[in-house]
Structures are given as structure tokens and as C-alpha cells.
There are 4 protein chains.
Amino acid sequence: MNFRPPAPIFLQIAEHIIQLIISGDWKEGDRIPSVRDFATDVEVNPNTVVRTYNLLSQEGIISNKRGVGYFLNENAKKLSTTYLKKQFINEELPYFIKMMKTLELDFEDLKKEYNEHK
Amino acid sequence: MNFRPPAPIFLQIAEHIIQLIISGDWKEGDRIPSVRDFATDVEVNPNTVVRTYNLLSQEGIISNKRGVGYFLNENAKKLSTTYLKKQFINEELPYFIKMMKTLELDFEDLKKEYNEHK
Amino acid sequence: MNFRPPAPIFLQIAEHIIQLIISGDWKEGDRIPSVRDFATDVEVNPNTVVRTYNLLSQEGIISNKRGVGYFLNENAKKLSTTYLKKQFINEELPYFIKMMKTLELDFEDLKKEYNEHK
Amino acid sequence: MNFRPPAPIFLQIAEHIIQLIISGDWKEGDRIPSVRDFATDVEVNPNTVVRTYNLLSQEGIISNKRGVGYFLNENAKKLSTTYLKKQFINEELPYFIKMMKTLELDFEDLKKEYNEHK
DNA sequence: GTGGTCTAGACCACC
DNA sequence: GTGGTCTAGACCACA
């Protein structure tokens, strides 16, 4: 995984997992990789994955069965989408729109840029 | 000025100044406030303003006349726009578009949100 | 380390590090001392080392792995040489040559001085 | 005049004047421009010229006749050369030679660079 | 543990 | 007056 500074790595991992859930690669009820395995996978300090799993637990997306591992909750997909949307609308969009105004860009410009940088 | 965590204050000040330049409130060739004055204005430590001015110098937006103060360069407006655009197009937009895809939002949805935030 | 005024300490540290890199004492890929350790080493304030590391980062000579520390980039040696050469050729040499002309010194005179200082 | 940072402007002016003396443009015994005139000429704060003239006075190169102006002393040319040489040998050369060693440049390289950047 | 930021305050050279 | 540097010390997020 490539992480883009300065966003916290544990958040980027959380979003990565959420995308796996939304896309259906990880299914509700499934056991997800252990902290250690996942940390090895994405080449990251295990503590960082712990933080990610904690966050997802708080959001009700995953649960821990002690001694067994972490599992996707039944409503994981719905909660994931909600979480992501909340983040996006509240954190990203206002700043994004302010920038568009300052730079005097409209949605047509964005589409152009989007296609060029696709 | 109200600063929104967790973005560094000196960066927020830089963006603020850039907006003043783009909007034409600060004109090319103008002397900008002294480090101390500006620090008093926005109620931060002078060192923080020093960091901001350093950044803007590196970007070629302002220059120092020794013993006199900082001045907007002749191409300050263009450079400011370029700087902001670079940030936006390279850092913000790709992430933004990825989010749109994941959340299955299209530009119509954004326009709605945009109008609400306008 | 002994610092010679009036050159800023953080620049002198940067040059010192660059010399360590060019001489091969610090190798590409190596982790370099933490800000705190290095500050203790050379007996300066940690903030001063932060400035040095920032400069070297901007020059592409070192990179930060978040939470781990700073590392020499793969092209650190080349970039270091380039950086130093740039300083030397652009800043030092023209002035130097102008002085030689004014003082009517030629390279033979310099060699003599050079040998004495060797 | 173009001043190259970060060298103090008043020193650069001093060297400029010294060059005028060595080249013979300003002759011993001549009256030199008033502080104000010279400051206007080189577009600099008069206080800066005052510092320059003070320095040159200390070096015995110029003298003030109160109410009349500054004049070149009789031995101005010799003293100028001595001053410049002292500066050059003590301040510039050691650093210069150290750089040559670090960058593994020899005098042939310098000549090449010299010719290219002439 | 790592670096990043910020404050407070001091000192300095320079214009 | 101007900016530049440095220190001391604190707090923080992150890995």
C-alpha cells in the first residue's frame, strides 16, 4: 500500500478496508486478517493496525471475538457506507467547495481535470 | 482568525494570504505587514508568521528587502493560483474522485450539496 | 561540533551531514540519528536539528518514515554533491574570480596558498 | 547595484568602492560623494552608506573633513588592496579550499567552470 | 519511541 | 524599525 502524507496511516488503512467491504471483497460475517498478518501485508507497525481495528470497532463495523479474531458485523456494509459518507460530506466537501470558489473552477473544469488525471 | 485543527496554523495563514492575493486585496508590489504586526493581527507567535513568510518566499510569492520588510512579487497572483491549484489538483482531487466512485456519487449529487453549502 | 559565526548553525549542520554523506560515512538507505539524539550529539536545541532535517528533506536528500525516523534516500550522495556544487559554483566562484581579478592574483598564486593551507 | 544575499549590503558597497579605488576610477585626494548622494545612487538607505563610510574610515582609506565631506586618503589605493587581500586570504580562501577538497575539484576544473560562467 | 508544531522570550545583524 | 536565529519547554499525533 502507498500512503499519502500527511493523512494518518491508520485512517488510510481504515478507508482501504471500508472499500473492501463496500466492494464486496470482504463479506459480512467473515473473519478478517489478524492484526499481525494484516500489518505484515501492508508493511506497517502492528500498533497502527490496532488503531485501525479500534476505530472500525467503535463504528460498529467489526467486532472482536476474544482469542479468535476480528469479524465483520452483519451490517458492516451499511455502516461502512454511512461512515464514509459522513466523513466525506462533513470533512472533505466544504473545503473542496471553498477551493473551487477561490480557484473559480466549475464542475466542467473538474471533469476535464478528472479525465486528464484519470 | 479562527484556525481549524489539525492543519498547522502556519499553513492556514499561508492559504489565507494566498486568498488575499488572489482576491486582489493584496496587490503585487505591495509591502505586506511586518512579521510582528501580522503576528499581533492574527494573534499568533511571531515565529509562526516567520514560517509562513518563509514558505511563501520559497514559492516565489513574496520577497524580502532587507531591513525594510516583505513585498509581493510581480507574479504573486499567478504563482499563488498555481500553488493552490497544484495542491488542489494533485492532492485533493484524486482522493475526492476515488471517494465519489466508492460512494457512487455523481456530479449531480455534488451540485446539490454545493448549492446547499453555497 | 564547533560552529563558526555568523553562518547559521542549522546550515553548518546541514553541510556537515552532507560531508558525511559524500565521504561515505553515512550510506544511502541508512537511518540517520533521531532529531533528539543528533541534537544531543552536536549540543544544539532539537528545533535547530529540525530545521536542518527540513532543509535536507526539501533537497530530496533524506526522507521521513513516519514514527520511525529519517533515512538517506537512494540518490542522497548524488544530490548532496549537486547541492554543494550548486552553492559553490553559483554563489562562491563568481565572487571568488572577481576578487582574483581585482587583486591581480592568478591560479599560481592560489596554488601556493593552497599548499600552505593543505 | 545588485546585492547578493546574504552578504551585508554595507560590506558589498565597501568592496565596490574599493574596486573603484584600485581601478583608479576614484583617485587619492578626491572628494567622494556625500552619504546622501551615494545612497540615492545605489538605492540604499543612507544609514547603510554611513556604515560603509565608517568602515572605510576605520581602515584609514577615507577621512572626513567636517562640514565638507569625505576624501580619499593619500595611501588609499595601497590600504584598499591590503584590506581586500586580508579579507580574501583569511575569510574566503580557507573555506574555498575546503570546498574544493570535498568536491574533489582541482584548479583545472575551476578554470573550466570559470570559462563557462565567465 | 518518532517527528511536527507552537509559544515565549531572547539576542543579533542589518537597514 | 526590519527579519533571522536560537533556546527552552511544552503539547500533540502518530507508529
Side-chain angles (χ1 to χ4, degrees), chain A residues 3 5-13 35 39 42-52 54-55, chain B residues 3 5-13 31-39 42-57 62-71, chain C residues 3 5-13 31-39 42-57 62-71, chain D residues 3 5-13 35 39 42-52 54-55:
Chain A
F3 301 107
I9 291 178
F10 82 93
L11 278 183
Q12 296 184 50
I13 295 177
V35 167
V42 296
E43 293 176 312
V44 131
N45 188 305
N47 287 330
T48 307
V49 177
V50 169
R51 266 190 101 165
T52 301
N54 280 342
L55 171 63
Chain B
F3 300 107
I9 292 177
F10 78 92
L11 282 183
Q12 296 184 46
I13 297 177
R31 180 172 181 278
I32 69 176
S34 79
V35 169
R36 288 166 173 85
D37 286 354
F38 200 66
V42 297
E43 295 176 310
V44 298
N45 187 289
N47 285 329
T48 305
V49 177
V50 167
R51 285 194 76 173
T52 301
Y53 282 12
N54 275 341
L55 172 63
L56 295 174
S57 290
I62 62 177
S63 295
N64 180 266
K65 280 190 196 165
R66 283 182 285 173
V68 185
Y70 276 95
F71 294 75
Chain C
F3 301 107
I9 292 178
F10 79 92
L11 281 182
Q12 295 184 48
I13 297 177
R31 179 174 180 279
I32 69 176
S34 78
V35 169
R36 288 165 174 84
D37 287 354
F38 200 65
V42 297
E43 295 176 311
V44 297
N45 187 288
N47 285 329
T48 306
V49 176
V50 167
R51 284 194 77 174
T52 300
Y53 282 12
N54 276 342
L55 171 63
L56 295 174
S57 291
I62 63 177
S63 295
N64 179 265
K65 282 189 194 164
R66 281 183 285 175
V68 185
Y70 275 95
F71 293 75
Chain D
F3 301 106
I9 291 178
F10 81 92
L11 278 183
Q12 297 183 49
I13 295 177
V35 168
V42 296
E43 292 176 313
V44 131
N45 188 306
N47 287 329
T48 306
V49 177
V50 169
R51 265 190 102 164
T52 301
N54 279 343
L55 171 64

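A note on names: the letters A, B, ... follow the listed sequences, proteins ahead of strands, and every chain is numbered from 1.
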task = Take Phe38(C) and Val44(C) through the test side chain to side chain contact (heavy atoms under 4.5 Å, CB included) and record every step on the way to the result.
result = CA-CA 9 Å; Phe38(C) 200 65; Val44(C) 297; over 6 Å; no
query = Val35(B) versus Asn47(B): any side-chain heavy-atom pair under 4.5 Å?
reply = no
query = Could you give the CZ-to-C1' distance, from Phe71(B) to dC15(E), as a whole number of Å?
reply = 12 Å
query = Is there a residue in residues 42-57 of chain B whose heavy atoms reach under 4.0 Å of DNA chain F, and which residues are they?
reply = Asn47(B)
task = Ignoring the backbone of Ser34(C), work out which of dG3(E), dC6(E), dC15(E) is nearest its side chain.
result = dG3(E)
query = Can you tell me the Watson-Crick or wobble partner of dT7(F), both distances under 3.5 angstrom?
reply = dA8(E)
note = By the Watson-Crick or G-U definition, both distances under 3.5 Å, dC14(F) is matched with dG1(E)
query = Are the side chains of Leu55(A) and Leu11(A) in touch, meaning some heavy atoms are under 4.5 Å apart?
reply = yes
key: Exam field: side chain Thr52(C) to backbone Phe10(C), donor-acceptor pair closer than 3.5 Å   = yes
task = Please report, rounded to the nearest Å, how far the C1' atom of dT5(F) is from the CG atom of Asn64(B).
result = 14 Å
ask   = Can you check whether Val68(B)'s main-chain N or O pairs, donor with acceptor, with Arg31(B)'s side chain at less than 3.5 Å?
value = yes
task = Would you mind reading off the distance between Lys65(B) atom NZ and dC15(E) atom P, rounded to a whole angstrom?
result = 14 Å
ask   = Atom CZ of Phe3(B) and atom P of dT5(E): how far apart are they, to the nearest Å?
value = 15 Å
note = By nearest-heavy-atom nucleotide on DNA chain F, the more 5' of Pro8(A) and Tyr70(B) is Tyr70(B)
ask   = Rounded to the Å, how far apart are Leu11(A) CG and dA13(F) P?
value = 12 Å
inquiry  = Distance check needed: dG1(F) C1' versus Arg66(B) CZ, whole Å only.
reply    = 16 Å
message = Ring of Tyr70(C), cation from Lys65(C) - is the NZ or CZ under 6.0 Å from the centre and inside 45° of the axis?
response = no
key: Atom of Tyr53(B), atom of Ser34(B) and distance for their closest heavy-atom approach   = OH-O, 4.3 Å
task = Find which nucleotide of DNA chain F each of Arg31(B) and Ile9(C) is nearest to by heavy atoms, and output the residue with the more 5' nucleotide.
result = Arg31(B)
task = Calculate the interatomic distance between Gln12(D) atom CD and dC14(E) atom P; express it in whole Å.
result = 11 Å
inquiry  = Quick check: any donor-acceptor pair below 3.5 Å linking the side-chain of Arg36(C) to the base of dG3(E)?
reply    = yes
